[in-house]
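Heavy-atom basis, side chains included; hydrogens, waters and symmetry copies ignored. Numbers restart at 1 for each chain; the letters A, B, ... are given by sequence-line order, proteins then strands. Note that the structure is a prediction, hence the values are computed from the model and not measured.
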Number of protein chains: 2
Amino acid sequence: MKGPPGEKKPIPKTARGATSARGRNRPRELAEALKDWIAENALQPGDRLPQEKELIERFKASRGTVREALKLLEAQDLVSIRTGPRGGAYVKDVSLERATELLGNYFFFKNITIHDIYALRIQLEPELAAGLVGVITEQDIDRLQQLMTRYDHPPQSQDEEREQRFAELAFHETLAGLCPNPVLSFACRFLIRLLKELTICHRIYERPQPELRAGGHSYQLRLLEALRKEDAEAARNAMDKHMRFARDLMEAQEAEVLRQFLR
Amino acid sequence: MKGPPGEKKPIPKTARGATSARGRNRPRELAEALKDWIAENALQPGDRLPQEKELIERFKASRGTVREALKLLEAQDLVSIRTGPRGGAYVKDVSLERATELLGNYFFFKNITIHDIYALRIQLEPELAAGLVGVITEQDIDRLQQLMTRYDHPPQSQDEEREQRFAELAFHETLAGLCPNPVLSFACRFLIRLLKELTICHRIYERPQPELRAGGHSYQLRLLEALRKEDAEAARNAMDKHMRFARDLMEAQEAEVLRQFLR
DNA sequence: AGATATTTGTTCGTATGTATT
DNA sequence: TAATACATACGAACAAATATC
């Protein structure tokens, strides 16, 4: 089917190509071996792995293979690679960002709706709010109130409209960051990330939402008041109302946008 | 000290190495660019990416860089790479197992407690149960009831004790698998995985739990009844009671095990 | 079943930029 | 400032795998 094989490979002279070619010595295996090596030697976050040259000798692999294996570990956020003389691969704690990104990949092809996300937010954010009592400080609350000034007024432009939506989400991210329950904290932040990435949300955020902004602002004020009084149930209640209010408006907007889009 | 294998170096003529060196156009960036490219072109699972040669031209990178980027995507389970004609990088659905594993890495160094996990289960499992109404079939319910026969009787041995705990969790995993909300479904299954991996749970599962077994069994029966009647609120209520009951017992056991351990 | 073409997999050599000393 | 060590990147050749004829 293809072009005539007129051109032979004209490089037979040296023939010093691959040597071992031991079948399936894939980078993946090397990565697993490195992980085991890390565990065996009880390396802690911050410790440095041997440099490439030594890894090449120790594991009997080429530089490219070693590099790919290290990249694999970096992709899992188990190591971070720095350049320079003190460079190399360092054992690292898995970062929130990376974990979020990797989990986001799982939902990449799933069809997530606003309804799906708010079904969880309604359950989790009130619990989170209640759990903050006794943990959150006056300074934290002041910082949150400071954040709210970015959307305590009607937006002057479409850009500001969108910015205000993200500032509101940042409010909730900050709250989640204060939560002492690591799982709950992660879940709430991940839901916010999903919201940010939903393309339907981008369309919604472009539309004027005076009700959403004003309503959200007042619910958040009630929430902060409850937190100041260290009243867990009042905090839970305020957040519950806040979430249900937001869900209803967002779902209505979703339907509206879809209606326009399908027209 | 290099000691090449006898052969001379017959590559003097070309000898042109790196050219661009535009800052640090790392493989990471290429991987991100490829991800964007996948989204822009609306590639679906099963679709093939351009082959290495074309990617080299299109993104102006060397083969090694392209390969590392592809390996990065492969490590994230976004593509799978095959050799041979019609080979190349194929867009792939991220498997539940892999996503769970990667997220598990994030919580590996965090100190998760039973309380943390049940704080979420209490919120999410009732919601999941309610959402099953209208989706779950009679066959599904029959299958679940079949599953329950594995712990409808007191265990005869410590092995069976442990087996019954895992069978109960399998019941909840099956429920979660039926949930039409992908985020809620994942969350519930991930929480169960965390429970399974908690070392404290292993100790608890070794101890006799007649109350936990009998109580859980009866709550699950009530749940299935509600689902048969398609009564969402009754299902939610049954699951809520079930979770609170389990949490109280598990936390008591956790305290007990810790007390013994610290003695 | 076997030959062939296509595509990735592996290794080597080399060049370059940069951060540390 | 110069030397050096190191990661980063490029290119070429060969090896292995595999679909197609």
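In this structure, CG of B:Leu70 is placed 16 Å from C1' of C:dT10, rounded to the nearest angstrom. Note: CD (B:Glu57) to C1' (D:dC10) measures 15 Å, nearest angstrom. For B:Ile56 and D:dG11, the CD1 to P distance is 8 Å, given to the nearest whole Å. The CD1 atom of B:Ile81 sits 11 Å away from the P atom of C:dT10 (whole-angstrom rounding). Atom-to-atom, CD of B:Glu52 to C1' of D:dG11 comes out at 14 Å; the value is rounded to the nearest Å. Going from atom NZ of A:Lys60 over to atom C1' of C:dT11 covers 15 Å, rounded to whole Å. A:Glu68 places its CD atom 8 Å from the P atom of C:dG9, with the value rounded to the nearest Å.
Judged as a side-chain hydrogen bond (donor to acceptor under 3.5 Å, both in side chains), and not counting sequence neighbours, A:Tyr205 has no contacts. Residues that satisfy the ring-ring contact (aromatic ring centres under 6.0 Å, His included) test with A:Phe171, not counting sequence neighbours, are absent from this structure. With sequence neighbours excluded, no residue forms a side chain to side chain contact (heavy atoms under 4.5 Å, CB included) with B:His202. By the side chain to side chain contact (heavy atoms under 4.5 Å, CB included) test, B:Ala89 is found to be paired with B:Leu49, B:Leu70, B:Val79, B:Ile81, residues two or more places apart in sequence or in another chain being considered. For the side chain to side chain contact (heavy atoms under 4.5 Å, CB included) test, residues two or more places apart in sequence or in another chain that qualify with A:Leu96 are A:Thr100, A:Phe186, A:Arg189, B:Tyr106. Under the side chain to side chain contact (heavy atoms under 4.5 Å, CB included) criterion, B:Asp36 pairs with B:Glu40, not counting sequence neighbours. Annotation: side-chain hydrogen bond (donor to acceptor under 3.5 Å, both in side chains) contacts of A:Lys110 (sequence neighbours excluded): none.
Residues B:Ser80 and B:Lys92 share a closest heavy-atom pair of CB-CD, 3.7 Å.
Considering only side-chain atoms of B:Arg67, the nucleotide from C:dG9, C:dC12, D:dC6 that sits closest is C:dG9. Here the nucleotide nearest the side chain of A:Thr65, chosen from C:dT11, C:dT7, C:dT14, is C:dT11. The side chain of A:Gln51 sits closest to D:dA7 out of C:dT7, D:dA7, C:dG9. Of all nucleotides listed (C:dT7, C:dG9, C:dT11), C:dG9 comes nearest to the side chain of B:Lys71. The side chain of B:Arg48 has C:dT7 as its nearest neighbour among D:dT8, C:dT7, C:dT8.
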*Would you write the dot-bracket representation of DNA chain C, where each base gets (, ), [, ], | or . depending on whether it forms a Watson-Crick or G-U pair under 3.5 Å and with which partner?*
.||||||||||||||||||||
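Taking every heavy atom of residues 83-91 of chain B and every atom of DNA chain D, pairs under 4.0 Å involve B:Thr83, B:Gly84, B:Pro85, B:Arg86, by number.
Below the 3.5 angstrom threshold, one finds no donor paired with an acceptor across the side chain of A:Arg63 and the base of C:dG13.
Salt-bridge annotation for B:Glu32 and B:Arg28: absent, with no side-chain N of the basic residue lying under 4.0 Å from a carboxylate O of the acidic one.
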